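Note on naming: letters A, B, ... go to the chains in the order of the sequence lines (proteins, then strands), and numbering restarts at 1 for each one. Because the structure is a prediction, the values reported are computed rather than measured. Only heavy atoms go into these numbers, but all of them, side chains included; no hydrogens, no water, no symmetry mates.
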Amino acid sequence: MRTEEPIRASERAIAFEGLRKTYVGPKGRRVEAVRGLTLTIRRGEFFGLLGPNGAGKTTTIGVIAGLVKPTGGRALVFGMDAVRDYRRVHKLVGVMPQEEALDSWFLNVREILIYNAGYFGIPPREARRRADALLRRFDLWDKRKSQVNELSGGMKRRLMLAKALIHDPEILILDEPTAGADVALRRQLWTLMRELNAQGKTVLLTTHYLEEAEELCGRVAILDRGELVAVGPPEELTKRVGGDVVELELDALPSALGSDKLKALAAKSGAALQDGRLVLPGTLEDPKVLEILSELARSGVKIRAIHARRSRLEDVFVELTKGLKS
Amino acid sequence: MSAPLETTPSDAAAAKKARISLQENAIGFYTLWKREMVRYLKDPLDTIAPPILSVVLFMLIFGLALGARLGEVEGVPYIQFMLPGLLLMSVILNSFYNPAYSVFQSRWQGNVFDFLSSPLSYTQMATAIIAAGVCRGLIVGAIVLGAAVLLTDLPFVHPPLVVLELLLVSVAFAGFGCVVGLWTKGWDGVNAVSIFLLDPLVMLGGVFYSLEMLEGVPVLEALTRWNPFTYLTGAFRYGVLGTSDVSPEPGLAMSALLALGMTLWAVVLFRRGYHLKS
């Protein structure tokens with residue numbers, strides 16, 4: 001499943017080469033967060049890094065952001081090593097972290113942006129001009145004199161995005177930018193992200209919202225337990241998994257799969273549990289699907305609804321990262 | 001690890017855009033220094049007033065109320081003897097507190113991310129934070145001095161020594177504050193270092209008494225004699241009064257070593273990402 005077409009050197013924006021990160025926890029317990037990740041992201045691309053919690057997404061981008069020390073391999077940004085050449089790399093990259101990281105108690109919203117511009121060496125007058133432009137663009141102008149604790153969750157997200165853009169970076173790295181956001185904010189952030197990408201910025205997005213990745217990303221990579229398990233355009237990945245799926249809404253899950261025969265059938269057919277539904281690859285004419293349906297009926301499991309549809313990125317994700325095997 | 005990637009013309013163009021000019025370096029450093037300054041100047045009632053108030057109380061109680069009964073120490077009135085020590089104490093503690101609290105607060109609040117993901121070098125980060133600590137120490141010191149000259153005359157016999165010693169000591173303790181701010185895992189850590197290390201060293205470092213006054217109290221005399229703060233205070237007092245119970249050279253040398261050592265320690269910890277990076 002894990003494939004990647006060769007990318008010309010002149011097209012590279014970010015290249016991870018055998019990147020590794022091992023954390024040493026309490027009592028010397030070692031956790032391999034990233035295991036030899038090799039991946040290239042093109043200039044101008046909208047790229048999604050997907051994976052369940054603990055897959056190593058935040059650790060991977062943390063190496064570029066200067067927050068994580070890799071234990072092996074390297075991350076290159078336009079050919080520059082993110083560790084050795086961190087200053088120049090940081091100048092080209094804007095990062096919006098997952099956690100709120102705002103200088104909150106003595107700077108107001110406008111000052112936060114101006115100070116951030118200063119860290120990037122932008123002269124005060126230009127810093128003020130850029131801060132004001134971003135405040136207007138992100139609908140924060142009326143809140144420019146407010147403290148961070150006076151902002152709503154959505155405003156804080158927009159401020160963090162504005163902060164990542166204050167130095168006009170070539171690459172924008174967004175770590176779960178819409179996590180916990182309501183639908184309206186999510187749509188608003190999507191529009192902003194699309195606009196930025198359309199302006200030529202390379203966007204690297206981590207998300208566990210597959211709908212978001214499908215909607216925005218030209219290519220995605222799926223990480224699982226620190227390893228790259230798939231990379232490619234979302235539509236290609238879904239084709240590779242198999243175009244059609246049958247979704248069953250059952251009365252009881254997972255006890256519905258209690259019988260050994262049913263378990264064996266489900267595993268054989270590549271079935272997966274998704275949000276309380278049983279998803280079977282194939283169509284309603286597929287013998288394996290029919291066999292499972294009849295076995296469920298024999299076991300007395302009530303089927304509330306059957307949906308036949310084309311597979312989505314979510315199906316790929318579930319099959320590659322958990323499925324029934326785990 | 002895979003073979004090195006060749007540099008393409010587009011990489012070279014990006015590298016050119018990523019170059020950091022001297023002006024950008026200066027603006028980055030200045031901005032972080034300014035942030036640290038604004039952090040405590042925005043709320044002077046919380047940051048500047050309390051240490052000044054406590055020093056002024058020390059002056060009134062020990063200098064005026066009790067000092068008159070103590071007569072002369074080292075050939076000068078007690079209040080004159082005590083004031084240089086008190087001034088140095090306030091510089092030491094304020095230089096320490098600013099970076100210690102600020103660095104820990106930035107880690108705790110998460111906004112240390114702003115510096116770490118910026119093009120600031122680790123040396124710039126450490127030295128800008130230390131420089132702001134030095135400024136806070138000197139600002140508080142200047143205000144305490146203003147209050148002191150209202151109470152008594154201070155002759156400032158060796159001004160260059162006074163300035164040099166103040167600068168070195170404030171750099172040393174701002175550097176130490178930076179280290180403590182990185183090391184501590186909670187607010188209590190900064191307080192613990194202050195209460196269990198700095199306060200006893202300062203109090204037993206000849207601020208309020210001379211070695212001569214300790215004759216017959218061997219434990220206290222030994223503690224004071226082995227305390228490096230005695231020599232820092234002694235050097236400063238010599239600069240201000242032209243007299244001291246210890247010669248100024250060891251204190252000056254110690255201050256220079258501490259200033260250099262603590263600054264380097266802070267820079268090394270920043271470079272290693274100690275408690276900053278995972």
Just by distance, no angles: are the side chains of [X] and [Y] close enough, under 3.5 Å, to form a donor-acceptor pair?
X: A:E176; Y: A:T207; result: no
X: B:N25; Y: A:R87; result: yes
X: A:Y23; Y: A:T59; result: yes
X: B:Q109; Y: B:N111; result: yes
X: B:S255; Y: B:E165; result: yes

Counting heavy-atom pairs under 4.5 Å to chain A, which of [options] comes out on top?
options: B:Q124, B:R272, B:Q105; result: B:Q105
options: B:A26, B:S121, B:A128; result: B:S121
options: B:G273, B:S21, B:S118, B:G28; result: B:S118

Is chain B contacted by the side chain of [X], its backbone, both, or neither, given a heavy-atom distance below 4.5 Å?
X: A:F120; answer: both
X: A:L67; answer: both
X: A:I122; answer: backbone

**OP:** Apply the side chain to side chain contact (heavy atoms under 4.5 Å, CB included) test between A:L49 and each candidate in A:L205, A:L39, A:L37; give the one that qualifies.
**Re:**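 Among A:L205, A:L39, A:L37, the one meeting side chain to side chain contact (heavy atoms under 4.5 Å, CB included) with A:L49 is A:L39.
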Original post:
Is the distance between the ring centroids of A:Y86 and B:Y122 less than 6.0 Å?
Top reply: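 Aromatic pair counts; centres sit under 6.0 Å.
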Subject >> Centroid-centroid under 6.0 Å between B:Y30 and A:Y115 rings >> reply: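 Aromatic pair excluded; centres sit 6.0 Å or further apart.
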Subject >> Max heavy-atom pair count under 4.5 Å with chain B, selected residue of A:A117, A:A13, A:A65 >> reply: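 Heavy-atom pairs under 4.5 Å are most numerous for A:A65.
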**OP:** Pick whichever of A:E111, A:E99, A:R43 has the most heavy-atom pairs under 4.5 Å with chain B.
**Re:**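 Counting heavy-atom pairs under 4.5 Å, the top option is A:R43.
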Original post:
Do A:K57 and A:D175 meet the salt-bridge criterion of a basic N to acidic O distance under 4.0 Å?
Top reply: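 The answer is no: the pair does not qualify as a salt bridge.
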Original post:
Which bit of B:K17 comes within less than 4.5 Å of chain A, counting heavy atoms only: side chain, backbone, both or neither?
Top reply: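 Both backbone and side chain.
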Original post:
Does A:R219 make a cation-pi contact with A:F47, if we ask for NZ or CZ under 6.0 Å from the ring centre and within 45° of the axis?
Top reply: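 No, A:R219 and A:F47 do not form such a contact.
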Subject >> Close contacts, residues 190-200 of chain B versus chain A, judged by heavy atoms under 4.5 Å >> reply: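 None at all.
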